[in-house]
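We name chains A, B, ... by the order of the sequence lines, and we start the count at 1 in each one.
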Amino acid sequence: MLSAAPGGRVHGRSAGLGERLIEVGLLGCGLLSIFTTAGILFVLAIETFAFFREVTLAQFFFDTQWTPLFADKHFGIWPLVSGTVLTSGIAILVALPFGLLAAIYLSEFAEQRVRKVLKPALEILAGVPTIVYGYFALVFVTPILQAMIPGLAGFNSLSAGMIMGMMIIPMISSMTEDALYAVPNSLREGAYALGATRLSTIFRVVLPAAVSGIAASVILAISRAVGETMIVAIAAGQQPRLTLDPRLPVETMTTYIVQVSMGDTPAGTLEYRSIFVVGAALFVMTFTMNFVSQRLTRRYRSAV
Amino acid sequence: MASAGAPTAPEKLRMTQSAHSRPGRPRENSVNSEEAATKFRVRRLAAWFGSQQVLHGLDLDISKQRVTAIIGPSGCGKSTFIRCLNRMHELVPSARVGGEVRLDDEDIYGPGVDPVLLRRRVGMVFQKPNPFPSMSIRDNVLAGLRLTHQLARAHANEINEKALRSAALWDEVKDRLDEPGAGLSGGQQQRLCIARALAVEPDVLLMDEPCSALDPIATARIEDLIHTLRERYTIVIVTHNMQQAARVSDRTAFLLTGELVEYAPTDRIFTAPSDKRTEDYITGKFG
């Protein structure tokens, strides 16, 4: 602005109306996402409250069946929770070792050139649409698994969980690699100077120093798996079942929401409200995990 | 882990004593450095980072159970030099070493030498204290033995106490051994790193500007410690601080742009240097 020239005036405002408008516009964009979140929370809370006026908390927490769409209605949340926990658990069992080892390789062994190619290549896995993963699990992985595992149903949590695990490998490997890379080299040198080998340096010094970053990545990956919808809706089935047998069809919380919202359930009914209750429960689960993950990340940033 | 006293010298060491008093180096016989066995024999030592040569053929002998100081301006290759003595230099990608370094008459760059085993004999303390953040004080001290799978559980407390006493840290931390090592003050952290290095029972301790991140009081404590450790260990210390070199060392080497300008008993270097460049450096004309 010309008014700020040497010897010129210093009182008044240099920013014109245009700049003020831009400022307000940017603020509005920021507020929009906050309002959206608040709105979602508000709707969830209202519908959940309405739901619990008709169904008691005891029915919700102490029943072992979930059949809101049947004549004989049961509202026990645990079959949906077990479906979610089972598929996510299988996903983590697959993703954790592969993600961790990939991260160790990228951070500690790979040359800079290899690292520059491999890391983005791995991250492409996360960019594949989840519906593609879902059909991949259903029409490709499940038949292969059925040939090996007797009693494996066409819809099952094993195949869905494994493919979901593939999907979240890059989340774990990428964030873990960042955490390992952030470990100061002086610690590695300190270990080498004591006569440590490369492997004991990695497993006893570097990994423990990055543990909160690694934990954060794992928790975030779990919450991604818990919230994942398409893969489990397509490949894991739609039968709420309180089981930990990975060969059977199950229904996850997300799948139930899809099932009901795709159907012709009229608004305002108890069936309709049940999806908000499940949504609220899901929200509490993922929110808790994201919160813990953020706390851990902050701790590892301040520790390094 | 029995030796509280001098590390037991290998048989070969005795042969090098005669090799030490070679002709052509009269300045090695000075008042305060009586005949001492050679620990390191460095010949034509050269080092590179990629295509950049940082050491240009150094020749020097480092005496056993003496303190040898390496001084010189920034970038002269001091740190690179001592990192060649425990083969830490080669950990940097593209780094390369030429020439010969003999430890107790054994070529440490010879075929069949495992740098990992070498580093258990040649300990190192770094510029910035680097205790392992995930470990307690005790675990830091024992880290070297754990990392190398040599720790006998029955002796752990004994080793821990002995190493911390040797590093003059025991009295300050004996009541909080399970607290994190990173919670100590900078000077204490550095002594913890010294204790950690000593617990592996090396014969040599390399110190790369160990006091540059410390205040004067903490520095004085480390220097006192160096005086005591001298009786048991061969110490090579890189320092920016010429007073420190004068205070702690028996011999001093002056490096300039990767070359050894002068290597003599410390009192001679600081009172009657024979090279004009040494004199200019220690009187503060450059550096």
Hey, is CZ on A/Phe98 packed in by over 12 heavy atoms from elsewhere, all under 6.0 Å? no
Return yes when atom CH2 of A/Trp78 has more than 12 non-hydrogen atoms of other residues, nucleotides or ligands closer than 6.0 Å, and no otherwise. no
Taking atom CE of A/Met166 as the centre, report whether more than 12 heavy atoms of other residues, nucleotides or ligands fall under 6.0 Å from it. no
Is B/Pro93 in contact with chain A via its backbone, its side chain, both, or neither, using a 4.5 Å heavy-atom distance? neither
Say whether, by atom type as modelled, one donor and one acceptor occur between the side chain of A/Ser200 and the main chain of B/Leu147 under 3.5 angstrom. yes
Ignoring hydrogens and angles, tell me if any N or O in the side chain of B/Asn130 forms a donor-acceptor pair with the backbone of A/Ser186 under 3.5 Å. yes
Using 4.0 Å as the upper bound for N to carboxylate O, is an ion pair formed by A/Glu189 and B/Arg119? no
Neighbour count above 12 (heavy atom, 6.0 Å) for A/Phe287 CZ: no
Please classify the contact of B/Val125 with chain A as side chain, backbone, both or neither, using a heavy-atom distance under 4.5 Å. neither
Take atom CD in A/Gln112; do more than 12 heavy atoms of anything else shown fall under 6.0 Å from it? yes
CG-CZ distance between A/Asn185 and B/Phe126, expressed to the nearest 0.5 angstrom: 10.0 Å
Side chain to side chain, B/Pro133 and A/Leu187, heavy atoms closer than 4.5 Å: yes
Would you say that more than 12 heavy atoms from the other residues, nucleotides or ligands in this model lie under 6.0 Å from the CZ of B/Phe49, or not? yes
Could you state the interatomic distance from CG (A/Leu194) to CZ (B/Arg146), rounded to the nearest 0.5 Å? 13.0 Å
Report which part of B/Arg196 has an atom under 4.5 Å of a heavy atom belonging to chain A: side chain, backbone, both, or neither. both
